[in-house]
Amino acid sequence: MAMTPVTAPPTNLLALDVETMASLVARWGWPVYRTRQMLRWIYQRRVREIPRMTNLSRHDREMMQGRAVIGRLAPPSRVRSRDGTRKLMFALDDGLTIESVLIPDGKRLTQCVSTQVGCTLDCRFCLTGRMGLKRNLEAHEIVDQVLTAQDDLRPGERITSLVFMGMGEPLANVEAVSDAVLRLTNTDWGVGFPARRLTLSTAGFSERLHDVARLGVNLAISLNASTSEQRDRLMPMMNRLHALPDLLAACRAYPLPPRRRLTFEYVLLRGENDSAEDAARVSRLLRGIRCKINLIPFNEFPGTPFRPPTERAVAAFQTILRQQGYDVFIRHHRGRDVLGACGQLGTPSA
Ligand code: SAH
């Protein structure tokens, strides 16, 4: 049996995908079921120390000492908004920081998870977009945000939905995001979070939508504009990569399971994309797609040239789309006082 010499740096079990964990178990000469046992300790019981894996023999646990660790992120710093929204700020091992937000709403508790440090894209109305991309998150850094939030819950609290809508563009980091989704949704050895309660949001990587379909999670698309010219202005990089007509064609071709629908998000920016004509154009663009629409009134951040829409404009926009038969919701800004709302994550200096 080839043992890793004790002098090598310990393997972070949390950083291994399930196949790599299985080959490690094989290399150590352990039975196949040992993989599942360890994964359950890590993702279901959320233990941080190997000696606590008490259904492994003492001998096996001692063998792992110095060879393996469960490398969870350091405890995050937390801020709490006046409206109850909680923002968790994690320092990663290389000193970069990411943020995750917990948003209570009656009996529901939504966690908003980050997938990149900064973002690949340059959407003009988004603070994260101004940071540029520092790097992709690894699968375990995505999952760790959820594990840590779960450690933090108060008695009786439960995360009821997970949205990949924090910092970053999930479909620019598809491999890690897919692996994270697997670990979060697997009911045998993973966190066991229901896939239908998980939503991944993309700014519009049309050719990667089928990757999302395979994962069984919900898909949200940030439309944010009613014409190609507008989208060019507001989301220049995204629209250059995938033009609006291609995106809508990919949405029409998306293999939606029965009783599911797509979500379209639309940031309302005063005087930019919030007119009655815009609403009418959005209605025409989405015609025939089984979907609902979430309107997000712009959340301001220091240095932005954009302004939030008036309440009247928001209401009018919603009414026009409703009259066309759409289900339209307004995503009220939560956590704005702690810069925890949509588009406010990350600091330009970070
Ligand atoms: N990159 C992905 C995931 C981020 S989700 C995506 O674009 O979908 C963040 C959502 O908040 C997106 O719908 C985005 O359009 C919206 N958003 C970004 N900045 C915002 C801001 N300042 N105010 C309101 N919504 C914003």
Side-chain angles (χ1 to χ4, degrees), residues 85 98-101 103 110-133 136-137 142 145 161-174 177 180 198-206 208-209 212 217-226 230-231 233-239 241-242 244 247 251 262-270 272-274 282 291-309 313-314 317 329-336 338-348:
T85 301
I98 50 159
E99 302 177 340
S100 180
V101 183
I103 310 147
T110 301
Q111 182 176 13
C112 184
V113 170
S114 292
T115 56
Q116 297 184 310
V117 191
C119 188
T120 304
L121 299 171
D122 61 354
C123 304
R124 298 289 190 235
F125 46 82
C126 178
L127 180 58
T128 311
R130 299 196 153 196
M131 290 173 64
L133 178 69
N136 278 331
L137 288 182
I142 300 171
Q145 298 169 55
S161 31
L162 276 180
V163 295
F164 281 33
M165 299 185 183
M167 302 167 77
E169 166 53 44
L171 295 190
N173 185 17
V174 155
V177 164
L198 199 157
T199 300
L200 190 153
S201 178
T202 180
F205 277 86
S206 15
R208 298 191 188 155
L209 299 189
V212 185
V217 301
N218 299 303
L219 175 62
I221 296 112
S222 298
L223 181 66
N224 295 344
S226 70
Q230 236 176 41
R231 205 165 142 90
R233 230 176 16 248
L234 298 174
M235 312 170 74
M237 196 188 300
M238 188 72 258
N239 208 50
L241 288 169
H242 296 285
L244 185 54
L247 174 60
C251 291
L262 296 175
T263 300
F264 286 93
E265 295 156 288
Y266 192 98
V267 185
L268 287 164
L269 306 159
R270 185 189 300 195
E272 293 280 340
N273 66 355
D274 67 341
V282 167
C291 67
K292 64 173 171 163
I293 301 170
N294 282 347
L295 301 177
I296 320 175
F298 176 61
N299 295 306
E300 286 183 285
F301 51 83
T304 178
F306 298 109
R307 293 287 162 261
V314 177
F317 209 95
F329 305 91
I330 298 169
R331 193 186 291 162
H332 291 287
H333 28 75
R334 300 290 305 272
R336 275 210 294 207
V338 295
L339 286 182
C342 299
Q344 293 185 317
L345 298 186
T347 43

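Order of listing sets the numbers, starting from 1, for every ligand and every atom in it. Numbers for residues simply follow the sequence, beginning at 1. Side chains included, hydrogens not; waters and symmetry mates left out as well; all remaining heavy atoms used.
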Exercise for review: Begin from the C-alpha positions of Thr304 and Phe298 and carry the test side chain to side chain contact (heavy atoms under 4.5 Å, CB included) through to its verdict.
Suggested key: CA-CA 11 Å; Thr304 178; Phe298 176 61; 3.5 Å; yes
Check your understanding: Tell me, do Val267 and Phe306 make a side-chain contact under 4.5 Å, heavy atoms counted?
Key -> no
Point to revise | Enumerated ligand 1 atoms positioned under 4.0 Å from heavy atoms of Gly166 | key: 4 (C)
Study note, to complete from the structure: When distances are taken from atom 9 (C) of ligand 1, the protein heavy atom at minimum range is Met165 O, 3.8 Å
Study note, to complete from the structure: Contact region, Asn224 to ligand 1, non-hydrogen atoms below 4.0 Å, reads side chain
Revision key, fill the gap. heavy-atom search around atom 22 (N) of ligand 1 in the protein gives Phe125 O, 2.8 Å
Study note, to complete from the structure: Of all heavy-atom pairs linking Tyr266 and Asn224, the shortest is CA-OD1, 3.4 Å
Review point. Which residue supplies the protein heavy atom nearest to atom 12 (C) of ligand 1, what is that atom called, and how far is it?
Key: Ser222 OG, 3.2 Å
Review point. Hey, which atoms in ligand 1 end up nearer than 4.0 Å to a heavy atom of Ile296?
Key: 13 (O), 24 (C), 25 (N)
Practice item. Considering only non-hydrogen protein atoms, determine which one is nearest to atom 23 (N) of ligand 1 and report residue, atom name and distance to 0.1 Å. Key: Asn299 N, 2.9 Å
Revision key, fill the gap. Sorted by chain and residue number, the salt bridge (charged side-chain N to carboxylate O under 4.0 Å, His left out) partners of Arg307 (sequence neighbours excluded) come out as Glu300
Exercise for review: Using a 4.5 Å cut-off on heavy atoms from C-beta on, say whether the side chain of Gln116 contacts that of Leu133.
Suggested key: yes
Point to revise | ligand 1 atoms in contact with Thr202 (distance to a heavy atom under 4.0 Å) | key: 6 (C), 8 (O)
Point to revise | Nearest protein heavy atom with distance in Å, relative to atom 10 (C) of ligand 1 | key: Glu265 OE2, 4.0 Å
Exercise for review: Would you indicate whether the side-chain heavy atoms of Asp122 and Pro236 approach each other to under 4.5 Å?
Suggested key: yes
Practice item. Please state whether Gly204 comes within less than 4.0 angstrom of ligand 1, counting heavy atoms only. Key: no
Point to revise | Numbered atoms of ligand 1 (with element) below 4.0 Å of Gly168, judged on heavy atoms | key: 1 (N), 2 (C), 3 (C), 4 (C)
Review point. For Pro170, is at least one N or O under 3.5 Å away from an N or O on ligand 1?
Key: no
**Study point:** Nearest-contact summary for atom 19 (N) of ligand 1 - protein heavy atom, Å
**Key:** Gly343 CA, 3.0 Å
Practice item. Could you check Leu121 against Phe205 for side chain to side chain contact (heavy atoms under 4.5 Å, CB included), going step by step and ending with a plain yes or no? Key: CA-CA 11 Å; Leu121 299 171; Phe205 277 86; 4.2 Å; yes
Practice item. Check whether any side-chain heavy atom of Thr202 lies under 4.5 Å from a side-chain heavy atom of Phe164, and answer yes or no. Key: no
Revision key, fill the gap. Of all protein heavy atoms, the one nearest atom 17 (N) of ligand 1 is Val267 CG2, 3.8 Å
Practice item. Answer with yes or no whether Ala220 contacts ligand 1, where contact means a heavy atom under 4.0 Å from a ligand atom. Key: no
**Study point:** Derivation of the side chain to side chain contact (heavy atoms under 4.5 Å, CB included) call for Ser114 and Gln145
**Key:** CA-CA 8 Å; Ser114 292; Gln145 298 169 55; 3.9 Å; yes
Point to revise | Nearest-option assignment for atom 2 (C) of ligand 1, heavy atoms, candidates Ala172, Pro297, Ser201 | key: Ser201
**Study point:** Atom pair CG/NE2 of Leu295 and His332 - distance to nearest 0.5 Å
**Key:** 10.0 Å
Review point. Mind checking whether Leu171 and Thr115 have side chains closer than 4.5 Å, heavy atoms only?
Key: no
Check your understanding: Do any nitrogen or oxygen atoms of Cys342 come within less than 3.5 Å of a nitrogen or oxygen of ligand 1?
Key -> yes
Practice item. Decide whether an N or O pair under 3.5 Å exists between Arg331 and ligand 1. Key: no
Exercise for review: With sequence neighbours excluded, tell me which residues meet ring pair (Phe, Tyr, Trp, His ring centres under 6.0 Å) with Phe264.
Suggested key: none
Check your understanding: Mind checking whether Phe298 has an N or O less than 3.5 Å away from an N or O of ligand 1?
Key -> no
